[in-house]
Structures are given as structure tokens and as C-alpha cells.
Engineer: 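Encoded as C-alpha cells, here's the structure I'll be asking about.
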Amino acid sequence: MMTAARSADSGLAGPGELDRYPYTEAPAGERAAALRSWGGADSDLGRASRRGTASRGRGLHGQLVQQLGQMIVSGDLGADRPLVPEEIGQRFEVSRTVVRESLRVLEAKGLVSARPNVGTRVRPVSDWNLLDPDIIEWRAFGPQRDDQRRELDDLRWTIEPLAARLAAGHGREDIQQRLGDMIEIMGHAMGQGDAITFSRADAEFHALLIQAAGNRMLEHLSGIVSAALHVSGGPVTGCERPAEASLGHHARIVEAVALGDSAGAEAAMRQLLAGHGDGERVVPAPREH
């Protein structure tokens, strides 16, 4: 149920927000109440409600998108499952407007389709926008977590070394300064044992580097990298093991970018990525141009 969130409705998160929120379990009493409201243990929606609703501070609209999105991606609401707006509104105690707008968001993500005389139904995985940051996160914390993290790792190896190479050729001193600031923040946070601040600065570093590449299509993919950093090491930390080695690789990237050393920047990024994931990936050689 979402009635408890009515007094804390703070609206949707702004575009490009890097502060991602961890999934949490609802209190036992809340889970039980939600389960009863969905009609018992035999209901698909009832079973899914046991996990509770993860509030991101986005208000009723955002919470409903979050809840239904998780349920679809986890498979609790399978393909071609009808979604009846009236039932959703009643079960979650939200207005018809909230339900309608939430379903529109899910439709834009490819998770559901609404057709005249057919209604709203869950779409198959092949129709989902798998590059959507929300879907990335929902998959990464659901049954498909292993596949999602492996796929994200592969994408990062494609996107970020190229971004580092291009950034070294653009000479953006303003962004170089901000990259250095992020490294300083990461170092301080690591010394304080502050994993959350480290994670946020790390995500900002990688977003800035992609911005410095000067390629709008790459920049459009920065949300993928941010989502990947959020899920790569769990629900809180961006890097799996924040350490001096990681800071050293970040610093070498900035140094190479400042020197206009494209090959060096790309190689440093590959070394940084090699420190994440399962630790067994062979570091490919920088591409020859």
C-alpha cells in the first residue's frame, strides 16, 4: 500500500540525477497489509507485494511506477498479463490520474501496451527498452541480476574507453578541473569510510568524462554508465572495492586527458575497468588508429 507516502510526496527526481536509491524491505506489518489488499497468497500481485514498496522520494506517481516496474521485470507480472487501472487504483489506494500517468511511463519504457478494446497488458522482454536506467536497475536487483551486470560490464568496456580517448582530444579544461575535484572527493570519502559519497563522486566522474568526449550520442548513454556504477557493487557503492588502486587509475585518466594523450587515456580506463567485475577479464590492448 502507498497511503503512508501521501504526506511525503516530493515529486519526480530530476533528469540526470545520479543519486540512486537502494532497495529496502518494507516492515513486516506493511508487507502483510499489502498482501491482504492484493487478495491473498494466490494473487500474482499479492505475492509481489511481499517485497514491499521501495520509495525513492518520488511521490505516489514515482512509487507506483517503481512498484509495477519491479513486478513486471521480476516476472511476477508475466507477458500479456492484463493490468486493470481500476484494480490498481483500488489496491494501491491512489487516484485514477496517478494510475494513468504511471502506466504511461511504463508504456514509454516498453513494459506495457495500451490498445483500444484490449486494455493495458504487459509486453514481452523483447519489447522492453533495456537501455532505460530504471529497467537496468530493476533487472540488476531481480532474478536477472547476473545477466544484467554482465551485459552492463560489456557495455562499459565499449563506451568508456572510447569516451576517454575522445576526451583527451578535446582539451576541456573546465571539465578536467571537475574531474580532479571528483578524485579529491573520492579520496577524502575513502579515508572517512563514506561509501555513499565515494559512489556519488565516482558516478559524477564517469558522467563528466563522457561529457568531455564531445560526442552527443555517447553523452546520451551516460545514464547507462551511471546505472552500471550503481548496480556493479551492490545497492550502495559504485566501485566494488574503493581502494588506492582505483583512485590511481582515475588519476591517470585525468592526467592523460590533460596531456592530450588519447591512447594513454584509453589504456588507463581499461585498467580501471579491469579492476571491476569478476576480476578475470583480460585487458584488451588499446585500439590502433
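Quick caveat, the model's predicted, so the values are computed rather than measured. Positions are given from 1 along the sequence.
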Engineer: Is the backbone N or O of Asp154 less than 3.5 Å from a side-chain atom of Thr158, with the two atoms forming a donor-acceptor pair by type?
Structural biologist: yes

Engineer: Below 4.5 Å, heavy atoms only, C-beta onward: do Glu266 and Leu162 meet side chain to side chain?
Structural biologist: no

Engineer: Side-chain heavy atoms nearer than 4.5 Å, only ILVMFWY residues, links allowed to pass through others: does that put Val254 and Leu259 together?
Structural biologist: no

Engineer: Go through Arg139 and Glu151 one step at a time and tell me if the side chain to side chain contact (heavy atoms under 4.5 Å, CB included) criterion holds.
Structural biologist: CA-CA 11 Å; Arg139 290 184 70 208; Glu151 291 165 4; 3.0 Å; yes

Engineer: On a heavy-atom basis, which atom in Thr120 and which in Ala114 lie closest, and how many Å separate them?
Structural biologist: OG1-CB, 3.7 Å

Engineer: Do the charged groups of Glu101 and Arg104 touch, with an N to O distance under 4.0 Å?
Structural biologist: yes

Engineer: Surrounding CD of Glu107 (heavy atoms of other residues, nucleotides or ligands, distance under 6.0 Å), is the total greater than 12?
Structural biologist: yes

Engineer: Testing the basics here: between Leu64 and Val99, what is the closest heavy-atom pair and its distance to 0.1 Å?
Structural biologist: CD2-CA, 3.9 Å

Engineer: Do Val84 and Ile72 land in one hydrophobic cluster if side-chain heavy atoms of ILVMFWY residues count as linked below 4.5 Å?
Structural biologist: no

Engineer: Any carboxylate oxygen within less than 4.0 angstrom of a Lys/Arg side-chain nitrogen, looking at Glu160 and Arg270?
Structural biologist: no

Engineer: Judged by atom type as modelled, is there a donor-acceptor pair below 3.5 Å linking the side chain of Ser74 to the main-chain atoms of Gln70?
Structural biologist: yes

Engineer: Is it the case that Glu219 and Asn215 place a side-chain donor and acceptor less than 3.5 Å from each other?
Structural biologist: no

Engineer: Step by step, work out the side chain to side chain donor-acceptor pair (under 3.5 Å) result for His188 and Asp194.
Structural biologist: CA-CA 8 Å; His188 180 75; Asp194 186 351; over 6 Å; no

Engineer: For side chain to side chain donor-acceptor pair (under 3.5 Å), just list the numbers for Gln148 and Trp138, CA-CA rounded to whole Å, side-chain angles, deciding distance to a tenth of an Å, and then say yes or no.
Structural biologist: CA-CA 9 Å; Gln148 179 64 98; Trp138 296 334; over 6 Å; no

Engineer: With the threshold set at 4.0 Å, does a side-chain nitrogen-carboxylate oxygen contact exist between Arg150 and Asp153?
Structural biologist: no

